[in-house]
Number of protein chains: 2
Amino acid sequence: MSLGSCRSSKSRFWRKPSLRYEIVKSIEWLGNRLRFIDQTKLPLEEVCIETDQYTLLADAIRSLGIRGAPLIGVAAAYGVALAGLRTDESNLQSFRNEIEYAIGELASTRPTAVNLSWALERMRKNLNASLSIEAARVVLVREAIVIHEEDEEMCRRIGECGSQLIPDRATILTHCNAGALATGGEGTALNIITTAHRMGKSINVYVSETRPLLQGARLTTWELMKAGVDVTLIIDSAAASLMQQKKIDCVVVGADRIARNGDAANKVGTYMHAVTAHYHGIPFYVAAPSSSIDPPLEDGNNIPIEERNASEITEGFGKRIAPEGTNVYAPAFDSTPARLITAIVTEKGIHRPPFHFQ
Amino acid sequence: MSLGSCRSSKSRFWRKPSLRYEIVKSIEWLGNRLRFIDQTKLPLEEVCIETDQYTLLADAIRSLGIRGAPLIGVAAAYGVALAGLRTDESNLQSFRNEIEYAIGELASTRPTAVNLSWALERMRKNLNASLSIEAARVVLVREAIVIHEEDEEMCRRIGECGSQLIPDRATILTHCNAGALATGGEGTALNIITTAHRMGKSINVYVSETRPLLQGARLTTWELMKAGVDVTLIIDSAAASLMQQKKIDCVVVGADRIARNGDAANKVGTYMHAVTAHYHGIPFYVAAPSSSIDPPLEDGNNIPIEERNASEITEGFGKRIAPEGTNVYAPAFDSTPARLITAIVTEKGIHRPPFHFQ
């Protein structure tokens, strides 16, 4: 593992001077190890970590150093590849057992996003199809790279499709971070916004800060400022008031898991935005890769909602904000019913209700 | 001015051992000076400030060391009394000019709560009716004490009336702080909750933390824990999700200004709670003294909404949470239309819609 500033590293943040924007690379495969941005440090420090150990990757996913449903899937796939490279077992069955153990460890890091288990299942299939350790090592690395490349392509298509939903002059509300930092590519919901901006549409964005861990304030403002998009930060609870003032034209958010009927789990607060948008007649768009869709799940009631540690709310910034011993309810996600969603954008196109995902 | 811990001071936090609760005294007149709790320090430190200077009081109101619409009115009245005691003018007209200047300073501290100008207007009338400096000094002190006593009585009545709205077993959502810390007495919205608790009703309270300045997390949890009420802290944006889960029986909040038609301005986020409560069919109650009602104001559209400094959002936890140069929209209040309000509780009773305040 090594730590260093990304600021001077051209391979991390490349600039297209003519368009005056930077695209962030949240993760990068370096042949035998992985480099990723430690998102817990943003926006104050741009720190990259390089590692060849999947356990460090699992820790980073757990602590939200790596976060965002698609990126978690990509990172976990690379984690399995790293486990393959590092394991010194010489017996194929023992090798498989070691990798299975790593898959279990990575699968246990976060419970809500389905991309994680989806990516790990792909890695498992490749593992089981390999007839030698050497072949398995090669195949696991290749499959992780393919998952990453597919993710980049998925982001591109979501941006392209979804940007059609955005009017020529639009003020958009987004929540949390569904940008380059949440994916292996240029983002889902946020890529819709930046693509519309690059198409020359006049875009203003309100970002809700996204308590408790402030991914909106820390990550989305940072990405949008790099992308040259006009962005204004608000507290989560001010969004409804902006809608009341007719200042929001549409809401665009990501999703961590989508049920067959279109119910979508996303960062806590998304449901609040959906209800208030509905009340004000404002379109509410969800963008996610089709790998976030979980067709066996009939509806959103059964999506497991991760509860985070109370201290993320009461001591999230190194300063205690509630009395000692305060009870806290700290869900990380909530579930928005399909009836509040105007459209779901995946890499396959724009889906309108009623949703019936296969 | 002197600073000291309140913890050991029996006159500040008196305990009724049989009932096992403490009532907080946010402000106290000491004959020739005022003692108040510095609310910016809570809940980590219980610091009281004693002062005989109205300018320090004005600063405390501006910095939210003293906050809550009713308490601001009481504090400003005492501020005028202090100005009267301190001014060494010997000419009545010069004395009046000095006090008018102090009234202007105090009036400019916060723009939204109407109680402030209401209390200052009462003080001005007493000033103008006084025929000598000595008489004015006495009258100003007396009037401030009367305003304080009326506020205590107002709180008691609001608690008594409003507690009738609370079912025997209830889970209540409240936002910001409308408790003893917001008034000269035992609170408005929060006093409804604590009164219902003392009546023996089984009460659970969810408190939304109330970004950016976290009055819910810092002050309301602190007050409710002292009052022996079962309280759980949530982030503001998790409230809608609790409503979706049918875990909230009613919402009770305060108000800083109420228009003739019942539209109510209160801490930003209140409107969000009102819309989401409406969507889920949950009663939404507003509690405030009738001094918060501003009948000349036809509706909520014309209530001035204070904008606070961006740094309260971006650096509120003592650590920067957004990139340098981020645009911020930081309203302190929002306006909830009367159609979303189930009832308004004042010291005069329970008002049901349609509201026509005189």
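Here is the naming used below: chain letters follow the sequence lines, and residue numbers restart at 1 for every chain.
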Where do [X] and [Y] come nearest, in terms of heavy atoms and distance?
| X | Y | answer |
| --- | --- | --- |
| S237(B) | D334(A) | O-OD2, 4.4 Å |
| R211(A) | I235(B) | O-CD1, 3.1 Å |
| E324(B) | M225(A) | O-CE, 3.5 Å |
| I313(B) | E209(A) | CG2-OE1, 3.9 Å |
| Y329(B) | T232(A) | N-CG2, 3.6 Å |
| A217(B) | P323(A) | O-CD, 3.5 Å |

Worksheet item: With only heavy atoms counted, which part of H278(A) is less than 4.5 Å from chain B, the side chain, the backbone, both or neither?
Response: side chain

Worksheet, complete the sentence: So CG of L224(A) and CG of N327(B): to nearest 0.5 Å the spacing works out to 11.5 Å

Discussion item. side-chain contact (heavy atoms from CB on, under 4.5 Å) for Y279(A) and L340(B)? Distances and angles first, verdict last.
Written reply: CA-CA 12 Å; Y279(A) 181 76; L340(B) 299 177; 3.4 Å; yes

[X], part contacting chain A, at a heavy-atom distance under 4.5 Å:
| X | value |
| --- | --- |
| T314(B) | side chain |
| A330(B) | neither |
| H280(B) | side chain |
| V268(B) | both |

Worksheet item: Between the main-chain N or O of S335(B) and the side-chain N or O of Q244(A), is there a donor-acceptor pair closer than 3.5 Å?
Response: yes

Fill in: Most chain A-contacting option - heavy-atom pairs closer than 4.5 Å, from A310(B), P212(B), A322(B)
A322(B)

Worksheet entry | Largest heavy-atom contact set with chain A, pairs under 4.5 Å, which of N301(B), T270(B), L242(B) | L242(B)

Practice prompt. Name the option with the most non-hydrogen atom pairs under 4.5 Å to chain B; the candidates are T221(A), I305(A), D236(A).
Written response: T221(A)

Worksheet item: Which of the residues I321(A), V328(A), V275(A), L219(A) is involved in the greatest number of heavy-atom pairs with chain B at under 4.5 angstrom?
Response: I321(A)

Discussion item. Counting C-beta onward and ignoring hydrogens, is there a side-chain heavy-atom pair between T276(B) and T276(A) closer than 4.5 Å?
Written reply: yes

Item to complete: Compare all side-chain heavy atoms of P43(A) with those of R320(B) and state whether any distance is below 4.5 angstrom.
Response: no

Worksheet item: More than 12 non-hydrogen atoms from neighbouring residues, nucleotides or ligands closer than 6.0 Å to CD on E298(A), yes or no?
Response: no

